Every structure is written in structure tokens, then in C-alpha cells.
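Being a predicted model, the structure only gives us computed values, none of them experimental. Residue numbers begin at 1 in each chain, while the letters A, B, ... track the order of the sequences.
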4 protein chains.
Amino acid sequence: MSAPAIPVQKRTGRPRSERTEKAILAATSQLLAESGLAAMTIEGVAERAGVGKASIYRRWPSRGALALDATFDEYLAGQPTEDTGSLQGDLEATALDWTRAVNRSPWGRTLRELIAEVQSDPILAGAWKERFVRPIRQQRRPIVERAIARGEIPKGSDPELIMDLLYGPLYHRYLNGHLPLDDSFARSVARMVAAAASDGAAV
Amino acid sequence: MSAPAIPVQKRTGRPRSERTEKAILAATSQLLAESGLAAMTIEGVAERAGVGKASIYRRWPSRGALALDATFDEYLAGQPTEDTGSLQGDLEATALDWTRAVNRSPWGRTLRELIAEVQSDPILAGAWKERFVRPIRQQRRPIVERAIARGEIPKGSDPELIMDLLYGPLYHRYLNGHLPLDDSFARSVARMVAAAASDGAAV
Amino acid sequence: MSAPAIPVQKRTGRPRSERTEKAILAATSQLLAESGLAAMTIEGVAERAGVGKASIYRRWPSRGALALDATFDEYLAGQPTEDTGSLQGDLEATALDWTRAVNRSPWGRTLRELIAEVQSDPILAGAWKERFVRPIRQQRRPIVERAIARGEIPKGSDPELIMDLLYGPLYHRYLNGHLPLDDSFARSVARMVAAAASDGAAV
Amino acid sequence: MSAPAIPVQKRTGRPRSERTEKAILAATSQLLAESGLAAMTIEGVAERAGVGKASIYRRWPSRGALALDATFDEYLAGQPTEDTGSLQGDLEATALDWTRAVNRSPWGRTLRELIAEVQSDPILAGAWKERFVRPIRQQRRPIVERAIARGEIPKGSDPELIMDLLYGPLYHRYLNGHLPLDDSFARSVARMVAAAASDGAAV
DNA sequence: CCCTAAACGAGACGGTACGTCTAGTCTTATG
DNA sequence: CATAAGACTAGACGTACCGTCTCGTTTAGGG
């Protein structure tokens with residue numbers, strides 16, 4: 001009825017070395033931080049990690065997949081979701097957290113290039129959604145639930161719509177760069193989304 | 001014996017051929033439509049156009065710049081800005097136009113990859129903002145002005161903020177692909193932005 | 001593999017650089033002399049010559065073809081065919097020349113490895129025959145003709161058979177190494193071939 | 001390369017499996033017959049034999065050594081040395097035997113590539129001489145002894161010289177391919193060698 | 001009857017070189 | 001000068017094998 005929770009242990013052959021895996025991810029992170037995804041090559045990673053290229057290809061199907069894993073490793077800390085007491089407060093905290101994170105170089109640059117890489121590789125795009133987008137959104141879902149519980153917004157309000165309204169404008173300035181992505185903008189967006197949701201427009 | 005009174009435009013050398021330019025752009029468009037930006041190479045364009053690589057480099061500094069020009073050539077038709085009589089109506093028309101345009105393959109794919117390309121090339125990013133982002137936004141500016149004139153929203157409402165609130169969520173689903181970008185979503189976004197602006201949250 | 005006798009005039013494009021060609025052949029010769037054919041790689045040649053790999057592949061289809069050309073360039077001096085006054089004298093001079101040439105390291109090693117390389121590459125084998133084997137044999141043909149003119153051997157004697165009888169045993173010891181290939185052996189072979197030919201056994 | 005004459009008694013551990021050894025040799029022979037030595041790889045043999053690579057390296061030091069053993073296994077039948085009653089007859093029988101054997105594909109191809117392999121591996125060259133060259137020559141030695149006994153050639157005639165005179169030209173055409181190696185050539189060589197030896201030129 | 005130790009199949013390991021591809025520049029002959 | 005053609009240096013690509021090194025398992029002989 002379901003996939004095995006604990007994958008069956010492979011029976012034969014030399015097991016993959018954890019040391020090798022860590023060396024590859026570390027080298028990747030370094031290179032990404034130094035010069036960005038565009039300048040990161042599999043050969044470069046292999047050399048820096050003191051590893052054969054085959055050991056990389058054995059584990060990751062593409063440069064993007066490797067970069068994604070390495071970036072995810074750094075990101076895992078995640079961001080908090082503390083209750084500020086109001087919908088607008090929660091949205092503002094979320095927007096400010098994200099804004100400050102992506103303005104942090106070089107992580108911000110890598111994220112930007114990773115999103116770019118994802119645009120022309122459907123397999124990678126799937127991983128991106130699973131590993132980055134979905135977790136962050138689920139983490140923020142309680143914000144809407146708390147607002148409903150508080151009676152700030154109607155019961156049927158769509159959390160997905162609200163999340164897109166909040167994150168969308170931030171990503172937009174981040175990737176297009178037509179106007180600055182700063183704290184002030186983050187606060188404005190949060191204010192507008194809170195207002196719209198309170199009006200019941202998200203139902 | 002005497003210098004010309006009005007300095008004549010330098011006339012030495014063979015002038016650049018218009019035929020060459022058109023052949024390059026046509027070949028680029030074809031290749032983009034066939035296999036996307038990721039698979040488009042300068043060598044491929046040169047061969048398809050029956051042109052030397054140098055003739056391309058003489059005109060465009062990079063693959064992205066060429067692709068941008070070729071795509072812009074196709075895009076010039078633009079979208080209308082007719083007055084629907086209400087802010088929400090105007091926003092909805094705008095959102096639906098954009099949504100339907102990017103859902104059109106292969107143009108949608110090329111745009112997506114172009115945005116990707118822009119992420120790691122600052123020069124190209126500048127061109128992108130000038131040529132695509134700014135014109136579209138200026139074209140839509142009257143929407144806010146009309147809404148103020150109608151008294152739907154306060155005088156000090158920020159058109160840039162409203163534009164970001166509208167386009168941001170659309171781009172977000174377009175590039176991240178976590179949820180479908182369809183007419184229904186476009187209408188929901190327009191409704192929410194109109195609601196927020198009416199509340200005076202965009203001041 | 002080599003320049004055509006009558007080079008077809010290429011109409012367009014940048015012509016191949018003579019400098020590049022010479023640098024490649026020089027680097028190849030050096031590497032062959034230093035460590036032999038088995039250790040010579042296309043990458044190594046490219047690096048030593050300060051040349052892109054593509055420039056090598058543009059000119060030679062395989063490592064063996066390149067090595068053959070480089071070795072031929074060194075060999076071109078050739079060996080004399082002076083008339084010693086008798087068949088046995090001429091054969092002996094020929095055998096001694098060849099013996100001493102192949103005992104000369106590193107040229108002898110390269111020749112040995114080149115013959116080896118030829119065994120599993122039919123295209124290369126053709127070039128080998130044309131460029132090395134046939135010229136040498138034709139150069140030695142007058143030996144038999146002079147012997148006939150002198151009346152030492154019958155008119156119908158087969159020069160090819162006599163050449164094989166002379167060179168065969170020398171190559172045999174050279175490649176098999178079961179017994180030393182020295183001047184004494186060269187003289188013995190020459191003596192026997194002369195004796196057999198005088199008996200009219202080569203008719 | 002092969003089992004030692006007096007196998008040192010191993011004290012402990014699992015003994016080497018005869019099945020494994022046979023599977024390796026069989027797979028090697030198959031691959032040699034199918035595509036030749038140049039295309040035969042240790043990995044390919046291991047896979048075909050259903051054997052770990054280490055089990056091959058435990059037994060043979062190199063690809064050439066393995067190929068030599070596998071080929072030798074097939075060759076063991078050897079060739080007869082019957083007395084035809086005359087030196088020329090014996091030489092002719094020998095030459096024809098060898099000629100026909102090497103013209104037999106794929107065995108002929110493998111032998112050719114094996115000789116090639118030997119040229120750049122001194123250790124393998126030693127094995128080659130011991131295992132192939134010497135046995136064959138010793139097998140043919142009685143030919144000369146019988147000729148002396150018959151009084152066809154002088155007592156001091158050098159068997160090694162005569163063997164080189166006979167085999168050399170055959171190997172020469174076999175490896176160089178400049179002219180066909182056929183029965184007619186084999187007979188001519190035998191006739192010439194017999195003539196020279198009768199003249200006492202082999203003393 | 002277990003213990004020891006080597007051999008076993010499998011396959012990962014760090015490497016090297018392959019032959020191909022594209023980048024961006026340079027060099028020719030021809031307009 | 002610009003052009004089409006194509007050679008130039010440079011270097012990454014992904015693949016194939018190399019010879020070595022773990023794994024967990026098997027298989028004998030000696031204690």
C-alpha cells in the first residue's frame with residue numbers, strides 16, 4: 001500500500017563513502033561562495049574536493065542538482081515562525097526575514113542563480129519545488145491559521161493565495177531588480193496583504 | 001582642396017549589411033522556438049544564418065543580448081491598456097493578458113530562460129530592465145492614475161507598489177511552478193490587490 | 001595524414017597555421033624521445049606545443065598517425081645506396097645500416113612501438129606501408145638490378161623475395177628479441193641471402 | 001604469469017577457485033575472438049566472467065599477460081615435426097604450417113596484437129619469449145640436425161640462423177602487410193633457405 | 001566444530017585521457 | 001572596413017578504464 005519507510009539496504013559492493021560526499025558538498029559550497037554558480041564546474045569541484053569526477057556523477061545528475069544540495073545544506077537552519085500576535089506582524093516578520101536572507105551575499109547570489117538554473121531543467125525544477133519552495137511555505141502556513149483563529153480574517157481564506165501575495169512581490173524585485181528590495185518594501189507588502197486578507201478578498 | 005563644411009559621416013569601409021542582421025535575428029528566433037535558450041549557441045546561430053561568428057559578436061556582446069533582441073522583436077505587439085471602468089477590472093485585464101502570454105509556448109519558455117540568463121550577467125540585467133520591465137510598467141501606470149481620478153483609491157497611492165503586488169505573484173508561480181498559473185489565480189490576485197489599494201494600504 | 005601532393009586550394013576561411021603544425025610535430029618528437037609512444041598522449045602534446053587539442057585532431061585522426069608523421073620527419077634523411085661492387089657487399093651494407101639505425105635509442109624504441117600501433121589500426125597500417133615500408137624497399141631495389149647486370153644472379157630473380165629474405169630476419173630479432181640483433185648477425189644474413197640468390201633460388 | 005612448478009603450500013585461507021580461473025580465461029578468449037586485444041578490457045573480462053576485477057589482478061599482472069595465457073591455452077595443440085626426408089621439405093612444411101595458422105582469423109589477429117603489446121612491456125616480452133618463441137624454435141631444431149645427419153648441410157651450420165632466415169620473412173609479411181603471406185611465398189622462402197644452407201653459408 | 005584468514009562478487013575510490021563541443025579571437029581572401 | 005569561412009587557444013563536458021580499496025559473504029584447513 002505504501003513505499004517502504006526504511007529503504008532496503010543495498011547488498012553488495014563497497015558502500016559509498018560519507019567522507020567523499022562531505023568533501024564534495026564542502027568544495028561546492030566554497031566555490032559557490034567564491035565565484036557563483038556560473039563559474040562553478042564539476043571539474044573544479046572534483047579538484048578542490050580531491051575527488052574523481054565519477055564520484056560526483058555517481059551521486060548527482062547535474063551541476064545544478066549538486067549546487068542545490070550544497071545550498072540546501074547551508075540553508076537547513078531555516079527561519080523561525082514565532083507568533084507576533086497579529087497577521088500583519090507575522091507577515092512582516094516573514095517578509096523581513098526573507099528579504100534580509102537574500103540580501104546576504106554570497107548566499108543571495110547563489111539562490112538567484114539556482115532559480116535561473118531551474119528554469120531550463122525540468123528534473124531540477126521538481127527537486128527545487130520539493131526541497132525549497134514547499135518546506136518554506138508549509139512552515140509559514142500557521143500564520144494564516146492563527147489569523148483565522150484570532151478572527152482577523154474569514155474562515156475560508158486561502159493560505160496559498162496569501163503566501164503568493166506575500167512572497168511574489170519580494171521575489172519579483174529580487175529577480176528583476178527594477179526597484180530596491182529593502183525593509184521598507186517588505187513592510188509595505190506585508191501591510192497590503194494583511195489589509196486585503198482582512199477584507200475577505202482571499203476567500 | 002578644402003574640408004567639407006559639414007563633417008560628413010565617416011564613409012570608409014564596407015557598411016554593415018542589413019541582410020546579415022536580419023538573418024541573425026531570424027535564425028535566433030527559430031532556434032529559440034525549436035529548442036530554447038539553453039540549447040541555442042552562437043555557433044548554431046551563425047551556421048543557421050549563413051553568417052560568420054564575428055558578424056554576430058560585432059553586433060551583440062553575448063548570447064543573452066542576442067536572444068533578448070530576437071525575443072523583443074517578436075514581442076513588440078505589446079498588450080492593450082483599455083479602460084474597463086474600475087481598478088479591479090483594469091488589474092484583472094492586465095493579469096489575464098500577462099498570464100495568457102506566458103502560458104503560450106514556446107514564447108513562454110524563452111521568456112523564462114531569458115530571466116534566468118539575466119541573473120548572472122549584470123550588463124544584460126540592465127538591458128532587461130530597460131527593454132522589458134520598465135516599458136510594461138509605464139504602460140500600466142495609467143491604471144492607478146485612473147483609479148485615483150475615479151476616487152477608488154487615495155491620492156498618494158504608490159503605483160510601483162501596486163504593480164509589484166500584481167505582477168509579483170504571477171511571476172512567482174510562473175518561475176517557481178509550485179502551483180498553476182491560470183485565469184482563476186490571475187483574477188484572485190487582481191481582486192486582492194484592488195481590495196488592499198482601496199483600503200489605502202498602498203499609500 | 002600528410003599534405004596532398006597537389007594541395008587543393010581552399011577558397012575560404014583562415015588557413016591552417018604552419019607554426020602550429022611545426023609546434024605539434026616538434027612536441028610529439030620530444031615526447032616520443034623522452035618516454036616513448038605508450039606514454040605519449042594527445043593532451044600532453046597539446047600542452048607541450050601550446051596548442052588546443054582541436055588543432056591536433058583537425059590534422060591527424062589518431063595518436064598513431066601523429067607519431068608516424070613526427071617519426072617520419074626525423075627519418076627523412078634516409079640511408080645511402082652506394083655500389084660496393086658485389087651483391088653480398090650491397091646486402092651487407094644495407095643490413096648493417098638498418099641494424100645500427102634501430103639499435104639507436106630512442107628512435108629504435110619509437111619504431112618498435114609504431115609497428116605495434118599499426119597492428120590494430122588498418123588505416124594506420126596503410127599509411128605505414130606507404131610512408132615507410134615501400135620507400136625503403138624501392139630505394140634498395142637497384143641492388144638486385146646491379147647484381148643481375150653483373151651476372152651474379154639470374155635475370156628473373158625476384159627483388160621482393162630477396163628484400164624479404166634480408167629484412168625479415170632483422171625485423172624478427174628486433175621485434176621478438178629472442179637473440180641479439182648485432183653486426184655479426186646482419187653479416188650472416190647478408191651472406192646467406194647472397195648465396196641463395198646466386199644459386200638461382202630467387203627465380 | 002602461470003602456476004609455479006612447485007606451488008608453495010598456502011597455509012591458511014580460502015584457496016583460489018579453479019572455476020574462477022577458468023571463467024576468466026574463457027571470457028578472455030571469447031572477447032579476443034570477438035573484437036581483438038585492443039578492445040579487450042579487464043572490466044569487460046570481469047563482467048563477462050561474472051568475476052570481480054580483483055580476482056583477475058590477483059592472478060595476472062596485466063591485460064597482456066592474461067591475453068597471452070588465454071591465447072596460449074588455445075594454441076597448445078602445437079604443430080608436428082614429421083620428417084619429410086629432405087631439408088627443403090621440412091622447411092617447407094614448417095613454413096606452410098605457420099603461414100596457415102596465422103592466416104586463420106581471429107587467432108591470427110590476436111597473435112598480431114599480442115606481438116604488438118609485447119613491444120612496450122619488458123616483463124611481458126620475457127614471458128612471450130619463454131612461452132611462445134623458444135618452444136617453437138626448439139621444436140624445429142631437429143630439422144637442422146637431421147639435415148646434418150643426412151649430409152645435406154655442413155656440420156657447423158647454425159640452427160638459430162636458419163630458423164631466423166625461415167621465420168623472419170614470414171613474420172615480416174605478416175606484420176608489415178606489404179605483400180601477401182601465402183603458400184607460394186612460404187615455399188619460396190623455404191627453397192631459398194635450403195639453398196643457402198646447402199652452400200654452407202650458415203656455418 | 002569452530003576459528004582464522006584468504007578468496008570471492010560487487011562496486012566505489014582517486015585518477016587520467018579520451019574525443020567533442022563551444023567560447024571568443026584572429027586571419028585569410030573577397031567585396 | 002565588413003563580410004563568410006574557418007582556424008586559433010582554452011578548457012569543460014560526460015564517458016571509459018585503470019589499478020586499488022572496502023564491503024559482506026563464502027570456503028577451506030588447522031586447532
- Message: From CD of E21(D) over to C1' of dA7(E), roughly how many Å is that when rounded to an integer?
- Response: 13 Å
- Message: Using whole Å, what does the distance between atom P of nucleotide dG19(F) and atom CG of D121(D) come to?
- Response: 11 Å
- Message: Which residue in the set E117(B), E43(B), E113(B) passes salt bridge (charged side-chain N to carboxylate O under 4.0 Å, His left out) when paired with R63(B)?
- Response: E117(B)
- Query: Residues two or more places apart in sequence or in another chain: which of them pass side chain to side chain contact (heavy atoms under 4.5 Å, CB included) with E47(A)?
  - Reply: none
- State whether R58(B) places a side-chain N or O below 4.0 Å from either non-bridging phosphate oxygen (OP1 or OP2) of dT3(F). yes
- Task: Write down the distance between CD (E47(D)) and C1' (dG9(E)), rounded to a whole number of angstrom.
- Result: 13 Å
- Note on the structure: I56(B) atom CD1 is separated from dT25(E) atom C1', nearest whole Å, by 14 Å
- Query: Looking for any heavy atom pair under 4.0 Å, which part of the strands does S55(B) touch: base, sugar-phosphate only, or nothing?
  - Reply: sugar-phosphate
- From CA spacing to verdict: side chain to side chain contact (heavy atoms under 4.5 Å, CB included), L68(D), F132(D): CA-CA 9 Å; L68(D) 198 149; F132(D) 272 87; 3.8 Å; yes
- A46(A) backbone acceptor or donor facing K53(A) side chain under 3.5 Å: no
- Note on the structure: Assign each of S17(A) and G13(C) the nucleotide of DNA chain E bearing its closest heavy atom; nearer the 5' end lies the nucleotide of S17(A)
- Query: Which part of the nucleic acid, if any, lies within contact of R19(B), taking any heavy atom under 4.0 Å across all strands shown: a base, the sugar-phosphate backbone alone, or nothing?
  - Reply: nothing
- Task: Tell me, with the steps shown, if D69(A) and R131(A) meet side chain to side chain contact (heavy atoms under 4.5 Å, CB included).
- Result: CA-CA 9 Å; D69(A) 266 16; R131(A) 301 280 300 280; 2.9 Å; yes
- Calculate, to the nearest 0.5 Å, the distance between atoms CD and CZ belonging to E21(A) and R59(A) respectively. 5.0 Å
- Task: Examine dG9(E): is either OP1 or OP2 under 4.0 Å from a nitrogen or oxygen in the side chain of T20(D)? Give yes or no.
- Result: yes
- Under 4.0 Å protein heavy-atom contacts per nucleotide of nucleotides 16-21 of chain E, with B for base, S for backbone only and - for none: -SBBB-
- Query: Counting just side-chain N and O atoms, does R59(A) come under 4.0 Å of either OP1 or OP2 of dC13(E)?
  - Reply: yes
- Item | Spacing of OG1 belonging to T20(B) relative to CD belonging to E18(B), to within rounding of 0.5 Å | 10.0 Å
- Relative to the 5' end of DNA chain F, which residue comes earlier, A46(B) or E18(C), by the nucleotide with the nearest heavy atom? A46(B)
- Message: Nearest whole Å is fine: how far is dT22(F) C1' from R16(A) CZ?
- Response: 15 Å
- Polar pair under 3.5 Å, donor/acceptor by atom type, side chain R14(A), base dC13(E): no
- Could you state the CD1-C1' distance from I24(A) to dC13(E), rounded to the nearest angstrom? 11 Å
